[in-house]
Each structure stands twice: as C-alpha cells, then as structure tokens.
Chemist: 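Dropping a structure here in structure tokens format, bear with me for questions.
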Amino acid sequence: MSTEPGTVEPITGKYVHVDVDGTDYRIYFEENGPDDGIPLLCQHTAGCNNQEWRHLLADDDITDEFRVIAYDLPFHGKSVPPTSDDWWEEDYELDAEQFAATIVGIADALDLQDPIYMGSSMGGNITLELADWYPDRFRALIGLECGAYSPGFHIDWLDHPHVNTTEVNAYSCWGLMAKQSPEQTRRETMYLYEQGATGVFKGDLYYYSVDHDYRDKLDQIDASECPLYAVNGEYDYLTDPADGRAVADGIGEGAIAVEMSDIGHFPMSEHPALFNGYLSEILADITGDREGDLPETLRPDDVDVELSPSS
Amino acid sequence: MTETELGSQAWWEHYKETVNSDPEMKVRGHDKFDENFYIEIGDDRFLLQIDRGEIDAIVPNPAMNHQWSFGVEGDTEAWEEFVQEIPPAFNHEIIASHYRSAVKGDDGHLQLTGNNKAIFQNLRAFQRMLDLLRKAHNNGGNL
C-alpha cells in the first residue's frame with residue numbers, strides 16, 4: 001500500500017454492541033475487504049489491541065478475497081469497560097468461558113456467516129475452547145502460537161505499584177519475537193503493548209497461564225467438520241512448534257500443525273510481510289485453493305520473502 | 001571483536017564503550033538505571049557497576065566488598081549463542097532463556113538470579129544492556 005501523502009487507507013472502524021450473558025459491551029472493530037468476502041475474524045494477544053492486525057487489514061492480496069475484521073476485546077483498545085458494571089471494584093480477570101462467549105457474541109452481533117476465526121497467543125489457545133464448545137459456529141479456526149497449556153506467565157510484577165508496568169508489560173514480551181524480524185515492526189509491537197490499561201495484561205494472563213489447560217481434554221475436540229490449524233513460530237518460547245504439533249496430535253482428524261520458520265509469538269505485527277505470506281498458504285488450504293498438503297514447516301523461501309538484517 | 005574474544009578484557013572494554021554511547025540508554029528514564037548486576041560466563045563472573053545508565057566499572061571475580069542486585073548465569077556455549085547476530089531460538093533474549101529453563105526444564109539456557117523486583121523495575125534498561133552485548137560482539141550488528 002502506498003504511503004504517499006494523501007493516501008487514505010480503506011480500513012474502516014466502527015462500534016458494535018455485543019450481548020454477553022446479559023451485559024452490553026460496546027466493541028470497537030476495524031475491517032477491510034468485500035462485504036461478501038469470507039469473514040476472517042482476528043483476535044489480538046493478551047493485553048494488546050486490534051492494531052496488531054493493521055498490516056493484515058491493509059494487505060490487498062488478502063482483503064481482495066477475505067473480509068478481515070479485527071476487534072478490541074472489552075477493556076482493550078477502544079472497547080471501554082461495560083457501563084453497567086462497577087468494574088473498578090474488582091481486578092480484571094479473564095476466564096475461558098467469558099473469552100469464548102465474547103468471541104462468539106461478536107461473530108453473532110456482526111451476523112457473520114461461516115467466519116474463519118484467527119488469534120495469536122491467548123487468541124491461539126482459545127481455538128481449543130471454541131473447537132470444543134462452539135464447533136458449528138466457524139468455518140475454520142487458526143490458532144497462532146497455540147498450546148494446550150502455557151504456564152508461568154501470570155506474573156505479579158506485571159501489575160505492581162513499584163514497577164513501571166507500562167514498560168514492563170511490553171518488554172517482558174520482547175524476547176517472544178525473532179531477532180531477524182525487522183526492528184521497526186518489533187518496536188511497533190512493543191509500542192502497541194505499552195497502550196494497555198493497568199492490570200489488563202495480567203488479567204488476560206490468568207486465562208492464558210492458569211485457566212486454560214487442555215492437556216487431558218484434546219480428545220474432546222472433534223475437528224472433522226471445522227478444521228483447526230495450530231500454527232506456531234520457531235522463536236516462540238512460550239508455545240513452540242512442538243506444542244502446536246502436540247495439539248494437532250491430541251485432537252487427531254481435522255487438526256493440522258504448521259511450524260513457521262524465523263518468526264516468533266507476534267507474527268502478524270513483528271514481521272507482517274513474512275506472516276501474511278505464511279497465512280496465505282493456510283487460507284488457501286482452508287478454501288481448497290491450494291494444491292497438496294501444507295508442509296510441516298513454512299519457510300521464508302516458500303513465500304518469496306527475503307530476510308534481511310534489521311539493525 | 002571476534003567470537004574467540006568473548007569475555008576478554010578488550011571485549012568488555014568495547015562493550016562498555018558501546019553501552020555508554022548508546023542513545024537508547026539515555027531516553028525514557030533509562031538514565032535512572034542504577035542497579036549493579038553480574039554476568040557469569042562459564043566459571044567467570046564479571047560485575048557490572050552501573051551509574052545512571054552507564055557502566056562505571058566492570059569488575060572480574062567480585063567478592064564480599066562488592067554488591068549487586070541480580071545476575072545472569074550460563075555456560076560459555078549459551079553466551080556464544082546469545083551474542084550471535086541471529087541467535088538460535090530460546091537463547092536470543094534473557095526472559096526467553098530463563099523461561100525455557102525455569103518452566104520448560106530445558107538445559108543449556110541463560111538463567112536469572114537475584115532480586116526479581118529489581119529486575120522488573122529495571123527490565124527495559126537491563127534488557128537493552130544485554131542486547132548491546134550482541135551489538136558490541138558484532139561491531140554494531142543486529143539486536
């Protein structure tokens with residue numbers, strides 16, 4: 001997309017009201033693509049917001065065919081807390097039921113027909129609950145950085161009055177990205193992380209590292225009708241490609257693991273050109289436009305992206 | 001600098017110059033970073049004495065006359081991986097390395113020791129200093 005002065009990007013932003021268990025949530029979302037395109041519903045990572053998807057929303061190759069929709073969860077980005085709750089009297093803490101119900105509520109409120117759901121990190125893990133609890137609601141589920149269990153990141157220092165949590169919430173994630181991803185986009189990813197409200201990152205991590213545990217429940221998932229893709233980056237130290245393969249093996253039919261070479265835990269924002277290339281291969285598999293099976297590992301050469309030093 | 005000089009006096013001197021001339025250490029409050037920490041490469045421990053975001057001194061084999069808040073320990077191979085221009089996964093950043101050891105139980109990664117509160121209070125500046133090991137080792141290369 002051109003960056004010449006005067007260029008107006010075709011991405012639009014709107015609000016939709018979503019009912020989740022009787023509470024009204026005013027949800028902000030951005031979208032681009034044809035009205036009759038296949039909906040591709042995009043979930044941000046813990047403590048962040050939909051700006052992580054700005055490069056996908058602006059990718060003509062994908063938005064020609066897909067209606068890309070990226071939303072902010074309640075308490076994130078421009079989706080303010082619900083006006084009906086005294087939310088300031090308790091710590092924000094996300095659990096699996098609330099998270100999954102909110103995603104389905106957004107799909108329902110936007111009246112999306114057979115959407116593809118895609119999310120990274122906590123948005124990747126929740127594909128397991130969505131596949132288990134709402135298998136009829138989606139055409140396919142893409143779990144980026146998906147694991148059955150991802151312990152150890154519900155850290156008290158991420159919400160502590162003696163710590164600069166704005167900075168720490170971001171830079172505790174610095175090492176989740178590959179050093180070969182461009183420095184500009186890695187820095188932008190951290191900048192987005194610095195915009196989260198107090199306690200929200202840690203509250204999301206309650207779901208991510210405490211509440212979510214599918215190690216003994218993968219066989220509950222039937223992915224034969226709604227395929228599940230566990231797509232994990234080589235440099236993701238939390239949920240590495242072996243974790244993605246364990247998810248696919250545990251589910252069986254309909255579950256596919258793909259390793260993404262030379263990228264980390266925030267693929268869509270840390271290296272958009274490489275990720276969008278990888279994603280195109282997966283989307284083509286979902287739509288049936290790809291000849292042959294996906295490889296076990298996607299590499300930069302496969303999608304004609306040349307890695308370059310980022311200093 | 002070459003990899004064979006990892007941990008030598010000349011290697012540390014070049015690193016000190018790199019840190020003390022780094023513009024990022026001057027912004028967003030990082031010039032407030034005042035916690036001493038050590039780096040242990042194999043059996044060799046080096047204390048980095050920090051004064052307002054700059055390295056005041058690098059002391060080999062610190063003893064009871066010295067004080068520090070935290071440290072990073074690892075074998076020589078782990079540090080050699082860490083300072084590569086494109087390091088292999090999981091030895092490419094300290095929180096990544098520590099997580100792989102502490103939570104995943106993997107061997108061969110760098111580990112944090114000491115006061116966790118002080119680490120998180122100074123995480124960005126401390127992390128930047130560790131990234132600058134890579135920059136100094138590669139004469140300005142990738143972070």
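Side-chain atoms are counted along with the backbone in the values below, which use heavy atoms only and exclude waters and symmetry mates.
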Chemist: Do A:Leu238 and B:Tyr99 have side-chain heavy atoms sitting under 4.5 Å apart?
Modeler: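 When only atoms from C-beta onward are counted, B:Tyr99 and A:Leu238 do touch, with a gap below 4.5 Å.
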Chemist: Can you tell me if CD on A:Gln220 sees more than 12 non-hydrogen neighbours from other groups inside 6.0 Å?
Modeler: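 Atom CD in A:Gln220 is crowded, with more than 12 foreign heavy atoms closer than 6.0 Å.
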Chemist: What distance do B:Ile86 atom CD1 and A:Tyr235 atom OH have between them, rounded to the nearest 0.5 Å?
Modeler: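 The CD1 atom of B:Ile86 sits 7.0 Å away from the OH atom of A:Tyr235.
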Chemist: Provide the closest heavy-atom pair for A:Gly175 versus B:His92 in the form atom of the first, atom of the second, distance.
Modeler: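 That would be O-NE2, 2.5 Å.
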Chemist: Look at B:Lys104 together with A:Asp243 and state whether they make a salt bridge at an N to O cut-off of under 4.0 Å.
Modeler: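 Yes, B:Lys104 and A:Asp243 are salt-bridged.
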Chemist: Heavy-atom cut-off 4.5 Å, strictly under: side chain, backbone, both or neither for A:Met177 against chain B?
Modeler: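 Contact with chain B: backbone only.
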Chemist: Looking at every heavy atom in both B:Glu93 and A:Tyr171, which two are closest together, and how far apart are they?
Modeler: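 For B:Glu93 and A:Tyr171, the tightest heavy-atom pair comes out as OE2-O, 4.3 Å.
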Chemist: Please classify the contact of A:Ser209 with chain B as side chain, backbone, both or neither, using a heavy-atom distance under 4.5 Å.
Modeler: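 A:Ser209 has no heavy atom closer than 4.5 Å to chain B.
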Chemist: Can you tell which part of A:Asp156 gets under 4.5 Å to a heavy atom of chain B, answering side chain, backbone, both or neither?
Modeler: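 A:Asp156 has no heavy atom closer than 4.5 Å to chain B.
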Chemist: About how many Å separate CD1 of B:Ile95 and CG of A:Leu176, when rounded to the nearest 0.5 Å?
Modeler: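 If I round to the nearest 0.5 Å, the distance is 9.5 Å.
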Chemist: Other residues, nucleotides and ligands only: do more than 12 of their heavy atoms fall within 6.0 Å of CG on A:Asp219?
Modeler: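 More than 12 heavy atoms, drawn from other residues, nucleotides or ligands, come within 6.0 Å of this atom.
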Chemist: Does the side chain of B:Arg134 come within less than 4.5 Å of A:Lys179's, by heavy atoms?
Modeler: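 Side chain of A:Lys179 against side chain of B:Arg134, heavy atoms only: contact under 4.5 Å found.
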Chemist: Taking the six-membered ring where the residue is Trp, are the ring centres of B:Phe90 and A:Tyr237 under 6.0 Å apart?
Modeler: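 No; A:Tyr237 has its ring centre 6.0 Å or more from that of B:Phe90.
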Chemist: For the pair B:Arg124 and A:Glu194, evaluate salt bridge (Lys or Arg N to Asp or Glu O under 4.0 Å) and give the outcome as yes or no after the intermediate values.
Modeler: CA-CA 12 Å; B:Arg124 180 68 200 112; A:Glu194 289 177 309; over 6 Å; no
Chemist: Considering only heavy atoms, which portion of B:Asn116 lies under 4.5 Å from any heavy atom of chain A: side chain, backbone, both, or neither?
Modeler: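 Contact with chain A is through both the backbone and side chain of B:Asn116.
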Chemist: Count the heavy atoms belonging to other residues, nucleotides or ligands that lie under 6.0 Å from CG of B:Asp51, then report whether that count exceeds 12.
Modeler: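 For B:Asp51, atom CG is crowded (more than 12 foreign heavy atoms under 6.0 Å).
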Chemist: List the atom of A:Gly152, the atom of B:Val103, and the distance in Å for their closest heavy-atom pair.
Modeler: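 Closest approach of A:Gly152 to B:Val103: CA-CG2, 4.3 Å.
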Chemist: Please determine whether side chain to side chain donor-acceptor pair (under 3.5 Å) holds for the pair A:Glu167 and B:His30, giving the CA-CA distance in whole Å, both sets of side-chain angles, and the decisive distance to 0.1 Å.
Modeler: CA-CA 11 Å; A:Glu167 189 169 78; B:His30 298 154; 3.2 Å; yes
Chemist: Return yes when atom CZ of B:Arg52 has more than 12 non-hydrogen atoms of other residues, nucleotides or ligands closer than 6.0 Å, and no otherwise.
Modeler: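 Incorrect, the count does not exceed 12.
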Chemist: Would you call the rings of B:Phe120 and A:Trp157 parallel, tilted or perpendicular, where under 30° means parallel and over 60° means perpendicular?
Modeler: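 Parallel.
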